[in-house]
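Computed from a predicted structure; not experimentally measured. A note on names: the letters A, B, ... follow the listed sequences, proteins ahead of strands, and every chain is numbered from 1.
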2 protein chains.
Amino acid sequence: MSFTYDYPRPAVTVDCVVFGLQEQRLRVLLIRRGRPPFEGQWALPGGFVDMDEDLEASARRELQEETGLRDIFLEQLYTFGMPGRDPRGRTISVAYYALVNTVNHPPRADDDAAEAEWVDVDRARTLAFDHDEILATALARLRGKVRYQPIGFELLPRKFTLSQLQQLYEVILERELDKRNFRRRILAMDLLVELDEKQQDVSHRAARLYRFDKRKYRSLEESGFVFEL
Amino acid sequence: MSFTYDYPRPAVTVDCVVFGLQEQRLRVLLIRRGRPPFEGQWALPGGFVDMDEDLEASARRELQEETGLRDIFLEQLYTFGMPGRDPRGRTISVAYYALVNTVNHPPRADDDAAEAEWVDVDRARTLAFDHDEILATALARLRGKVRYQPIGFELLPRKFTLSQLQQLYEVILERELDKRNFRRRILAMDLLVELDEKQQDVSHRAARLYRFDKRKYRSLEESGFVFEL
DNA sequence: GCTTCTTAGTGTAATTTTGACACTATGAAC
DNA sequence: GTTCATAGTGTCAAAATTACACTAAGAAGC
């Protein structure tokens, strides 16, 4: 079967930059390509957009197919369309970035992807296509956005300690934060719920657990509150 | 002539939300469509992406063709691809937003566009396609971005007074600012060059003119400075 | 069970930043 | 020379930010 048009059309794909946190390092989920072009090279998960499918739905479908991830934070990043970025012909890629708690989401290769793996963002290099550039764009976006939108929580388990939260911000922003000042700030926003629970299985004093109250955030947001770290 | 592919492909377009300032109001440049679909309705300038042309180049070409605008601030906004957004069939639109000093850029209808006009952003409604949504997205982006990137200057003439700058921010952010505090802040950033010139042809005390020093901004930016209003 | 080790958790004082606020200066028009 | 419109300027109180160091808890090892 084939499809004919009066004017030439580019192919349209989606690619996803999935960030996760492992061992105090920021990671990105890559797949090893199982077919040409760039067979055997690391690449971002992604694929062609179906004709009757919304762009975000495409991204979610490809993620599920190639890595098993579903129901995660996903947001459009940027659209890359430089002629020549795909050797198969003109291809426009709508890139998304996603944040997951990697403990809940072990990688899993599937379908076209030969292999899926969490890679340290600083070590992910020479990816297929222009995926280095897409990754760099996603990193810049994450570093910018994390400061004025409470998206960092998406990288942590539902229950977390304040130290974990602080480490998260330190890893993303690449600078150290003062413990007391950090706690004062984040608690003053009144977005965290203090739980009646403590960390388990640590060989030192166990820290109190908190969770992020997304509903409270949404309602504060409506009354003009802006998250800012 | 026709073009055939093994799989169906969406059409890809670019659309531009061009903002300008006129009579202390924020305006958007619209064209009246000269052909179906939505013939006669107001729409954003835009059109189909050529096969060998970068996305931003497409946006600039369409802007020039339809409105005569060139060499302006232009940045990618978001990509809209909901099935059904174009009655002619699946169409994905990469939207850009632009900022111009409207004094230098009078509208001019051209080519496919029957008419081009600056419309008050609050009065622009029931545009063709999903252009209402694109405009709303662009407005939100402008309001967000103007606070932490010095892009507002793109809407003013090269030489401007501090009062004009303040009004600009008041219009975009939709709130009043204190004159003395505004001046203190903006001058403290050391991004404006005080010129040896005053306003001409005003029937009251003439204000000093300033210009934005983009080079200084870039160098401060590199050393970690962040613009913030 | 005592010591050690590791991380949790807490307060204050100095400095800086913010926000509120009102009058004089200049220059054109009448 | 009076009127009118906008330009331009400083201070003080309150709030926010920064820098900074010790005690508390609990598991591990002896």
Does a salt bridge link [X] with [Y], judged by any charged N lying under 4.0 Å from a carboxylate O?
| X | Y | result |
| --- | --- | --- |
| E174(A) | R143(A) | yes |
| K216(B) | D190(B) | yes |
| E222(A) | R218(A) | no |
| E197(A) | K159(A) | yes |

Just the table, please: protein N/O against nucleotides 26-30 of chain C N/O, every pair under 3.5 Å.
| from | atom 1 | to | atom 2 | distance (Å) |
| --- | --- | --- | --- | --- |
| dT26(C) | O4' | R205(B) | NE | 3.4 |

**Message:** Near DNA chain C, counting only heavy atoms under 4.0 Å, which residues of residues 157-169 of chain A show up?
**Reply:** S163(A)
**Message:** Any residue in residues 170-185 of chain A with a heavy atom nearer than 4.0 angstrom to DNA chain C? Just list them by number, or reply none.
**Reply:**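 Nucleic-acid contacts, sorted: K179(A), R180(A), R183(A), R184(A).
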**Asked** Have E75(A) and Y97(A) got a donor and an acceptor in their side chains that come within less than 3.5 Å?
**Response** yes
**Item:** Cation-pi geometry met for R27(A) and W118(A) (6.0 Å, 45°)
**Value:** no
What's the shortest heavy-atom distance between [X] and [Y], and which atoms?
| X | Y | value |
| --- | --- | --- |
| A124(A) | D132(A) | O-OD1, 4.3 Å |
| I92(A) | L55(B) | CD1-CD2, 3.8 Å |
| S93(A) | R85(A) | CB-NH2, 3.4 Å |

**Request:** Would you please classify the geometry between the F153(B) ring and the F212(B) ring as parallel, tilted or perpendicular, with 30° and 60° separating the classes?
**Result:**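 Parallel: the ring planes of F212(B) and F153(B) meet at under 30°.
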**Message:** Using 30° and 60° as the class boundaries, would you call the ring planes of Y217(B) and F225(B) parallel, tilted or perpendicular?
**Reply:**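 Plane angle over 60°, so perpendicular.
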**Message:** Under 4.0 Å, heavy atom to any atom of DNA chain D: which of residues 222-229 of chain A qualify?
**Reply:**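 Contacting residues: none.
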Which distance, rounded to the nearest 0.5 Å, do you find between the [atom1] of [X] and the [atom2] of [Y]?
| X | Y | atom1 | atom2 | answer |
| --- | --- | --- | --- | --- |
| Y78(A) | R141(A) | OH | CZ | 10.0 Å |
| I151(B) | L155(B) | CD1 | CG | 8.0 Å |
| W42(A) | L29(A) | CH2 | CG | 9.0 Å |

**Boundaries of the DNA chain D segment in contact with chain A, non-hydrogen, under 4.0 Å** =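 Boundary nucleotides touching chain A, in 5' to 3' order, are dT17(D) to dA28(D).
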**Item:** Summary of side chain to side chain donor-acceptor pair (under 3.5 Å) pairs that have at least one residue in residues 205-214 of chain B, sequence neighbours excluded
**Value:**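 Residue pairs with at least one partner in residues 205-214 of chain B: E154(B)-K214(B), E194(B)-R208(B).
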